[in-house]
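What follows is a short report on a single structure.
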Amino acid sequence: MYYRLPKIEYFRPKTLEEAVGLLEKVEGSKVIAGGTDILVDAKTSRVRVKALVDIGSIAELRGIEDLGGAIRIGAATKLQELLESSAVSENLPLLRAAVESMASWQIRNMATVGGNLCNASPAADTAPPLLAYDAELVVVGPGGSRTVPITKFFTGYRATALGRAEILKEIIVRKAEWTGWNYIKLGRRDGFTLSIVAVAVLARVRNGTVEDVRIALNSVAPTPVRAYGAEEMLRGREVSRGALERAAREVMDEVSPIDDVRSTAWFRREMSYRLTLDALTKALGAE
Amino acid sequence: MRVAFNLNGRRVEVDVEPGEILLDTLRLRLDVRSVKRGCERGECGACTVLLDGRPVVSCLLLTAQVEGREVTTVEGLREDELFGELVDEFNKSFAVQCGYCAPAMVLTSYAFVKRVVEGRSRPSTSEILKAVEGNLCRCGTYPRVLRAISRVLERRLPGEPRR
C-alpha cells in the first residue's frame, strides 16, 4: 500500500440539514460527494481531514430537472448522469461538451458536478461552461439558503465563497437563446487528461452583429475565469475576422497563467489566444 | 464500523475502518484478488469494479460508501453468457499480454458491451476506445481490446447501423 488514509470518522447524513449540522459540529470535517478529489487529497496529505460527511446519497442533492425557464442540476449529480441527460444535451450543449472531455468513464460515474466546482481547481472542467452560462449556485448553510452567482464563487486558488459549514445544493442555469457555442480543451493527450487550457464560448449573433458573447477559460489563472474585456470588445460589433482576432488578443492580457507540470505560462498564453480565436470563429459562425 | 453489501450476488458483512477503501476490503478481507492495486489515485483503472453495474475505481471509494449496494468483479460473472463470449474474444485476439490490467479491462468492456447491446446501438470505434480509456494498459493492447469488443458487437448487433 503506497497511500494510506489517515484515521477518520465517516458520517452519512440523510438530509441536507443534518449534513450542515455535522459540518458545523464535527471539527476537521469535510464534505465527500464523489470522493475522486477529496480522497486523493486526503491520501497525499494535501488536505487534512479528520471526518468525512458523505452527501452523496442525499436525495435533494441529486438529479437534473427542466424547470421550464431554467435547468436545475443537483450538486451531487454524477458527471456521467449529465452526459446521459437529454435536458443537458438539449439545453446546455456547452456543458455537455466539457463533461464529455472529463476524466474516464469510471471517474465520471463517481465524480459530481458540485464537487468539481467546490474543489475549485483552476483546471475545473465544468467551470468554463457554467461561467459562460452565468449559472447561479444555491448554497445551504446554518443561516439558511443563499444564491451565489458562479462568477462570484471562485475567490482564489482552490478557494470558494462557501462558508465553513455551507454546502452547494444545486446549480441553476436559466435558458437563453444562443445561436452558437464552442468548447475546446487542449491537454497533453486526447483522452483522460487535465487541461493545459480550455475555452468555452457562447454567442448570440443576429444579422451579422454580436448581440451577446461569453468567453470563459480554465487553467490560465488561479481560478477558472471569464474574459470580460474580450466579451465587451465584441458586444454590439459586426462579426469580422479582425474583431475576433482583437478579442482573442485581449484574452492574452486577461489571463495570468503559470508554469507547471502540464505546460508553461508562455504556451498557455499563446494557446489562450489561438483556442479563443478558434472557438469564437466556430461559435460566431465566422468560418 | 459494520458495512453490508452485495458482492457478486452474495450478501457480505464486514468490519472496516471508516477510512478503508473498497480495494483493501476486497483484496485483504474478502480475498477477491482479481481487483488489482495500481496507482491508488484513480488514474490507472486496475482496481475497477462494477457498482450497481457501472464501472468505478475501488481505490477512491470508501467501503462505508457501498453500504447496501451491489459490487461485481469478474469472479461474479463466470456464469454470464455475454461475459464468457467477451473473454473468449479477448483470448482469441490476444488482448492480454502481462495481464495486470486484464480483469479490470474486461470488466469495463463487459459493462460497455452489455449497455450497448441492451440499447441496441452500435458504437463507433472512438466510442469503444473512449469507454476503456480509464483502463491503462502499459503493454499497449488497445487495438486488440478494440478488436475483441468489436467482434462481440458484430455478432450481437448484426444489422444495427454503426453510429
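Reminder, nothing fancy here: chain letters follow the sequence lines and each chain counts from 1.
Of the two parts of A:Ile38, neither the backbone nor the side chain holds a non-hydrogen atom closer than 4.5 Å to a non-hydrogen atom of chain B. Contact of A:Thr44 with chain B is made through the side chain alone, with heavy-atom distances under 4.5 Å. When heavy atoms are compared at a cutoff of 4.5 Å, A:Arg4 does not approach chain B at all. Looking at A:Ile8, both its backbone and its side chain come within 4.5 Å of chain B, counting heavy atoms on both sides. The part of B:Cys39 that comes within reach of chain A is its backbone (N, CA, C, O), which places non-hydrogen atoms under 4.5 angstrom from that chain. For chain B, no part of A:Ala51 is nearby; none of its heavy atoms comes within less than 4.5 Å. Only the side chain of B:Leu28 comes within contact range of chain A, with heavy atoms under 4.5 Å apart.
The nearest pair of heavy atoms linking A:Ala33 to B:Gln65 is O-NE2, 3.8 Å. In this structure, B:Gly19 and A:Leu5 approach most closely via the heavy-atom pair O-CD1, 3.0 Å. Annotation for A:Tyr3 and B:Arg41: closest pair OH-NH1, 3.0 Å, computed over non-hydrogen atoms. For the pair A:Tyr10 and B:Leu62, the tightest heavy-atom approach, listed with the atom from each and the gap, is CD1-CD1, 3.8 Å.
Within 6.0 Å of atom CZ in A:Arg48, 12 or fewer heavy atoms from other residues, nucleotides or ligands are found, so the atom counts as exposed in its surroundings. Environment of CD in B:Glu13: crowded, with over 12 heavy atoms of neighbouring residues, nucleotides or ligands closer than 6.0 Å. Counting heavy-atom neighbours within 6.0 Å of B:Arg33 CZ, excluding the residue itself, gives a total above 12. The neighbour count for A:Asp190 CG, taken as heavy atoms of other residues, nucleotides or ligands under 6.0 Å away, does not exceed 12. Within 6.0 Å of the CD atom in A:Glu84, the count of heavy atoms belonging to other residues, nucleotides or ligands exceeds 12. Taking a 6.0 Å sphere around CZ of B:Arg155, one finds it holds more than 12 heavy atoms contributed by other residues, nucleotides or ligands. The neighbour count for B:Arg2 CZ, taken as heavy atoms of other residues, nucleotides or ligands under 6.0 Å away, is above 12. Other residues, nucleotides and ligands place no more than 12 heavy atoms under 6.0 Å from the NZ atom of A:Lys30.
Using modelled atom types and a 3.5 Å distance limit, the side chains of B:Glu133 and A:Ser104 yield no donor-acceptor pair.
Looking at A:Lys78 and B:Arg54, their side chains never come closer than 4.5 Å, going by heavy atoms from C-beta outward. B:Pro18 is not listed as a side-chain neighbour of A:Glu9, based on a closest heavy-atom distance of 4.5 Å or more.
Side-chain atoms of B:Glu40 come within 3.5 Å of backbone atoms of A:Tyr2 as a donor-acceptor pair (strictly under, hydrogens ignored).
Within the model, atoms NZ of B:Lys130 and OG of A:Ser101 stand 7.5 Å from one another, a figure rounded to the nearest 0.5 Å. The structure places CG of B:Leu51 at 12.0 Å from CD of A:Gln106, a figure rounded to the nearest 0.5 Å.
The side-chain contact (heavy atoms from CB on, under 4.5 Å) with A:Thr36 is formed by just one residue from the set B:Leu60, B:Val56, B:Leu61, B:Val57; it is B:Leu60.
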